[in-house]
2 protein chains.
Amino acid sequence: MDRRQEILEAAAKSFSLFGYKATTMDQVAKIANVGKGTIYTFFTNKEELFNAIVLKMIEEMRAASDLVAVEGGTFELNVHARLMQLLKFRKTHQLYAKLIDEEKELRTPAVTEVLAQIEREIVSYVKLKIERAVGRGELKPCNSELIAYLLFKSYLALIVDWEKTHDMELTEEQIATLLSDTIFKSLLR
Amino acid sequence: MDRRQEILEAAAKSFSLFGYKATTMDQVAKIANVGKGTIYTFFTNKEELFNAIVLKMIEEMRAASDLVAVEGGTFELNVHARLMQLLKFRKTHQLYAKLIDEEKELRTPAVTEVLAQIEREIVSYVKLKIERAVGRGELKPCNSELIAYLLFKSYLALIVDWEKTHDMELTEEQIATLLSDTIFKSLLR
DNA sequence: TGGATGACCGGAATGGTATTTTAGTCAGTC
DNA sequence: GACTGACTAAAATACCATTCCGGTCATCCA
């Protein structure tokens, strides 16, 4: 198998298991059965290797989100399913969960940056979906950036924040109904 | 002037200026012109003194919120005005701003706890307002806890979080319109 | 003689320094 | 010439000495 691939797999494993700060380049080299110098022929530094791994994760997330979207489904149906899926990754996906933990505990700058980037991408993806739906006449024209932001933050609040202060987690049903009656409804043409 | 009051004022000054961690009991005693031991005849420890100061701040906030509410105004008008006012305190009020900063930088547990408490109180206050409005027939019956939470988080996102990633701060007009069209509208009977 | 005080105590925070760890390099190997 | 791992400088960590600070209490007046 080619060395670049070995390195990527080793790095993915190590970052998922130990996070960014606690994985060392020696560690990655050893797992990949490669001299440390070899890593630097493919990636300029640790952070770039990390970014490559995160990029792969983002691809996975995009694919998982596509999997729950229904061709020809309504804007609401699809955006709801996608955001639920994407936000579940925070607990489910080993690397994502590890990074969130590292952000909370260590505040590693590289990790903070990457997590912010992921959120920006999700919001900008939702924004795109809104604009498409407006374009085909499903939704009223609106400030898509603002609505995308509000939608994302609402899901984040209901899925992630709620359970930190309340002991019963909200059901998907509750979330769907609540946002359907409020934000989504108001967007319809 | 009575010693308890002197101590409270000294503590308020010191906490506002230096935050929780960086104010020392010796400091408070000196400002209050009081022996350190005297403080402990009125407050069992530093944290209780702190809680007393924060309680005063919460009273101030409640009063400021009452000031912007209009007797006989609609639910939307009043809740909007109150939440805007309350959230402005995060930048405006010296102690509040200091505590938010300390929470971000130091994560002092006593501060974390107090900030969480303030948020819980705001949400529970909004919840009460919702229930009153439902009671008088202005709003449809609903899950008041959930709606209060969503409302609070939405305002927080639009007022506080938005400007961290976007360079133009949202106008009150934009926020009012957005939430009026979405969440508030859906609550009306 | 009882409320007030500040010297005092122990544990925690801080600072300074010796040691280890680690990202990144590069001379040497195959 | 692709690959390696010993090497380097810088950063992180561990260590210890010192300071700092919350809380106490024997002492002191009023």
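Throughout, protein chains are lettered first and strands after them, A, B, ... in sequence-line order, and every chain is numbered starting at 1. Basis for what follows: all heavy atoms, side chains included, without hydrogens, waters or symmetry-related copies.
In this structure, CG of A:Leu49 is placed 10 Å from P of C:dG24, rounded to the nearest angstrom. Put simply, CZ on A:Phe42 is 19 Å from C1' on C:dA23, counting in whole angstrom units. What separates CD of A:Gln27 from P of C:dA23 is a distance of 10 Å, to the nearest Å. Atoms CZ (B:Phe15) and C1' (D:dG22) sit 12 Å apart, rounded to a whole Å. C:dC26 atom P lies 17 Å from atom CD1 of A:Ile39, rounded to whole Å. Note: CG (B:Asp2) to P (C:dG3) measures 15 Å, nearest angstrom.
For the pair A:Glu103 and A:Arg90, the salt-bridge criterion is not met [side-chain N within less than 4.0 Å of a carboxylate O]. Ionic pairing of A:Lys129 and A:Glu138 is not present here: no N-O contact between side-chain nitrogen and carboxylate oxygen is shorter than 4.0 angstrom. The residues A:Glu105 and A:Lys21 are annotated as not salt-bridged, no charged nitrogen and carboxylate oxygen being separated by less than 4.0 angstrom. In this structure, A:Asp161 pairs ionically with A:Lys164, as a charged nitrogen and a carboxylate oxygen lie closer than 4.0 Å.
Proximity of residues 106-117 of chain B to DNA chain C (heavy atom under 4.0 angstrom from any strand atom) is not detected for any residue.
Distances shown here put every side-chain N or O of A:Arg3 at or beyond 4.0 Å from the OP1 or OP2 atom of D:dA2.
Among the atoms of the strands shown, only primed sugar atoms or phosphate atoms (P, OP1, OP2) are found under 4.0 Å from some heavy atom of B:Lys21.
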Sequence-aligned protein contact record of nucleotides 23-30 of chain D, with B where the base is within under 4.0 Å of a protein heavy atom and S where only the sugar-phosphate is: BB------

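Donor-acceptor pairing under 3.5 Å is lacking for the side chains of A:Arg62 and A:Tyr125.
The minimum heavy-atom distance linking B:Gln117 with B:Ile58 is given by the pair NE2-CD1, 4.0 Å.
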A:Lys127 vs A:Tyr149, side chain to side chain contact (heavy atoms under 4.5 Å, CB included): CA-CA, chis, key distance, verdict: CA-CA 8 Å; A:Lys127 181 182 171 191; A:Tyr149 190 74; over 6 Å; no

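A distance of 6.0 Å or more separates the ring centres of B:Phe89 and B:Tyr96.
In this structure the side chain of B:Phe43 reaches within 4.5 angstrom of the side chain of B:Leu8, judged on heavy atoms.
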